Amino acid sequence: VFKRQSFFFFQAEDGIRDAQESRGLGDVYKRQVYDWLENRRIGTQKVDKAKVMSISWANETEFMTCGVRHIKFFKLNGKNFTMSQGSISEPTVCSTYAFNNTVCVTGDAKGNLTVWKGKSNSQPVQAHQGQVYQVLSNKNVLFSGGHDGKVISWSLSNGKLAQTQVVVEMSKISQFPAGIRSLDVRSDGAMLIGTRGGEIYIQEKSAQPAILLQGHYDGELWGLSVSPDGEKCVSCGGDKTIRIWDIGKNKMLAFKSVSQDLRSCDWAQDGSFIIASDVSGKLHIFDPQTLKVRSEYQSTFTKKNQWIEDIKISPDSTMAAFGAHGGASHIEIVEIANGQTIKKKGQSKLTLTSALNHLDWSSDSSLLVVNSQAHVLCVDTVSYTHLTLPTIYSVQISVVAVSLKKK
């Protein structure tokens, strides 16, 4: 929701650019101010060569920007800007005008809060251990949130900040990285808290914060599979966690931390186990209720950057097949006994000419369908005779069917 008629648009060397308007800009971050109601640009001005981390409005014509190496205060007069520059010793990452817009408060990478009156500043106050990620003004109260997981309220007296209270310490509540990344306060005082660990909490009055939303928080989400009854799903990713979710309630039911990034997972059709693979090529069997590790198995994929790209459990829940990212991949098959232990069953004679994308089983657990990055569509029979099929939409897809039936 826009709170005023004008808004900012920043352009940079590695950002979105307009060929004509950005001509001669070089590596300088450029600020453009737009009147969104009238659909017109008000003005443009260079800001700084280093990253701009935050902008804040004091009123309809005065605003400030801060970043890695600068803090600047601007006044808009028609299409023109006047600017005054302050001095900082640490990268400044967040800002807000507070206490009825009488001062500007910034937070820096070392955990300090600084009060600015124009380009003049007070002595920085150590507010957090680690970076201050968020400062938020609500009436006559300032809130700050930092890497230490604390939300702190502040008052202003004689131009100096005074700590009122520690509103909450998320490190005592969350099981994941608790650093505060985002804050918002409702008119009745309820506070939304977003954390480094991919969680959003709501704290109403003096009550304990309640979880609203959870998710993975580092790297990518790599694996996702739905339970046989369709009521739950399992996910895994670059944050080195595997999690079970209640789909209907949008709620996490269980999680397990492991030592490596997880890259793929699947849920057995009989519901008896979950399997996942990590970036080192190791397989893990998990209990589908508690995510307790039942068994582990080191595959033949052990080269650097040769992680298991996809893994699928056979419909009869007795085998799993998988292939790798990072060069030409073979297809490896393991046998799973009673959802508890893993042992090698064999390796397909098929060797892909590129990395694996996806694979899946036929409903009777006798065939594997494989899709690779080679962009060639082929069928591999039990005699391993290849048949190349026509290109589809000028994009070829590699599909291989491998018979696993005994001769």
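Source: prediction; values computed, not measured. Worth knowing before you read on, the calculation uses all heavy atoms, side chains too, and leaves out hydrogens, waters and symmetry mates.
- Side-chain atoms of Gln298 come within 3.5 Å of backbone N or O of Ser280 as a donor-acceptor pair.
- Counting only distance, with no hydrogens or angles, the side chain of Ser329 and the backbone of Ala324 share a donor-acceptor pair below 3.5 Å.
- Under the side chain to side chain donor-acceptor pair (under 3.5 Å) rule, Asp287 has a single partner from Lys256, Arg294, Gln340, which is Arg294.
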Subject >> Lys232/Gln289 under side-chain contact (heavy atoms from CB on, under 4.5 Å): CA gap, chis, key distance, verdict >> reply: CA-CA 11 Å; Lys232 293 176 284 187; Gln289 301 298 324; 3.8 Å; yes
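- Atom CD1 of Ile342 and atom NE2 of His284 lie 9.0 Å apart (nearest 0.5 Å).
- Glu204 places a side-chain heavy atom less than 4.5 Å from the side chain of Ile202.
- In this structure, the side chains of Phe255 and Gln175 come closer than 4.5 Å at one or more pairs of heavy atoms.
- Neither side chain, Asn357 nor Asp310, offers a donor N or O lying under 3.5 Å from an acceptor on the other.
- Thr102 and Asn100 share no side-chain donor-acceptor pair at under 3.5 Å.
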**OP:** Apply side-chain contact (heavy atoms from CB on, under 4.5 Å) to the pair Leu183 and Leu192, showing each step before the final yes or no.
**Re:** CA-CA 6 Å; Leu183 295 172; Leu192 284 175; over 6 Å; no
**OP:** Decide yes or no on side-chain contact (heavy atoms from CB on, under 4.5 Å) for Ile173 and Val168, but give the supporting numbers first.
**Re:** CA-CA 9 Å; Ile173 298 171; Val168 65; 3.7 Å; yes
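- The two residues Asp48 and Arg69 come nearest to each other via the heavy atoms OD2-CB, 4.3 Å.
- Looking only at side-chain heavy atoms (C-beta outward), Ile88 and Asp108 stay at 4.5 Å or farther from each other.
- In this structure the side chain of His70 reaches within 4.5 angstrom of the side chain of Val52, judged on heavy atoms.
- Around NZ of Lys344, the count of heavy atoms belonging to other residues, nucleotides or ligands within 6.0 Å exceeds 12.
- In this structure, the ring pair (Phe, Tyr, Trp, His ring centres under 6.0 Å) partners of Trp116, at least two apart in sequence or on a different chain, are Phe73.
- Residues Ser365 and Thr318 are not in side-chain contact: their nearest non-hydrogen atoms beyond the backbone lie 4.5 Å or more apart.
- Counting only N and O atoms by type, the side chains of Thr82 and Asn80 include no donor and acceptor under 3.5 Å apart.
- Every residue two or more places apart in sequence or in another chain that forms a ring pair (Phe, Tyr, Trp, His ring centres under 6.0 Å) with Trp307 is listed here: Trp222, His325.
- Side-chain contact check for Ser95 and Ser56: at least one donor-acceptor pair (N or O, by modelled atom type) lies under 3.5 Å.
- The line from CD1 of Ile211 to OG of Ser174 is 7.0 Å long, rounded to the nearest 0.5 Å.
- Judged purely by atom type and a 3.5 angstrom limit, Gln126 uses its side chain to pair as donor or acceptor with the backbone of His128.
- Phe81 and Phe63 have perpendicular rings, their planes meeting at more than 60° on a 0 to 90° scale where under 30° would count as parallel.
- Minimum interatomic distance between Cys236 and Leu221 (heavy atoms only, all atoms of both residues): O-CD1, 3.3 Å.
- The backbone N or O of Val369 sits nowhere less than 3.5 Å from a side-chain atom of Asp360 that would complete a donor-acceptor pair.
- Counting non-hydrogen atoms of other residues, nucleotides and ligands closer than 6.0 Å to CD of Gln129 gives a total of 12 or fewer.
- Judged by the 6.0 Å and 45° rule, Arg263 forms no cation-pi pair with Phe301.
- The CD1 atom of Ile285 lies 11.5 Å from the OH atom of Tyr297; values are rounded to the nearest 0.5 Å.
- Ion pairing of Arg186 with Asp188 is present here, as a side-chain N (NZ or NE/NH1/NH2) and a carboxylate O approach within less than 4.0 Å.
- When all heavy atoms of Phe99 and Ser137 are compared, the pair lying nearest together is N-OG, 4.0 Å.
- Ser264 and Ile311 get closest at one heavy-atom pair: OG-CG2, 3.4 Å.
- Two residues are said to be in side-chain contact when any heavy atoms from C-beta on lie closer than 4.5 Å; Leu142 and Thr96 meet this criterion.
- Using modelled atom types and a 3.5 Å distance limit, the side chains of Glu199 and Tyr201 yield a donor-acceptor pair.
- Thr241 OG1 to Leu262 CG: the interatomic distance, rounded to the nearest 0.5 Å, is 7.5 Å.
- Closest heavy-atom contact between Val293 and Phe286: CG2-CE2, 3.6 Å.
- Atoms CD1 and OG1, on Ile55 and Thr65 in that order, are 8.5 Å from each other to the nearest 0.5 Å.
- A distance-only check finds a donor-acceptor pair linking the side chain of Ser317 to the backbone of Asp270 [under 3.5 Å].
- Side chain of Asn138 to backbone of Val141: no donor-acceptor contact under 3.5 angstrom is found.
- The shortest distance between side-chain heavy atoms of Phe322 and Ser299 falls below 4.5 Å.
- Between the side chain of Ser372 and the backbone N or O of Ser354 there is no donor-acceptor pair closer than 3.5 Å.
- Closest approach of Thr353 to Ala328, counting heavy atoms only: C-CB, 4.0 Å.
- In this structure, the side chains of Ile71 and Asn121 stay at 4.5 Å or more apart for every pair of heavy atoms.
- More than 12 heavy atoms of other shown residues, nucleotides or ligands fall within 6.0 angstrom of atom CG in Asp229.
- Distance check, rounded to the nearest 0.5 Å: OG of Ser153 to CD of Gln163 gives 7.5 Å.
- In summary, Asp261 and Lys240 engage in a salt bridge, as defined by a charged side-chain N under 4.0 Å from a carboxylate O.
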**OP:** Output, in order, the C-alpha distance, side-chain angles, deciding distance and verdict of side-chain contact (heavy atoms from CB on, under 4.5 Å) for Ile244 and Trp267.
**Re:** CA-CA 11 Å; Ile244 296 176; Trp267 202 315; 4.2 Å; yes
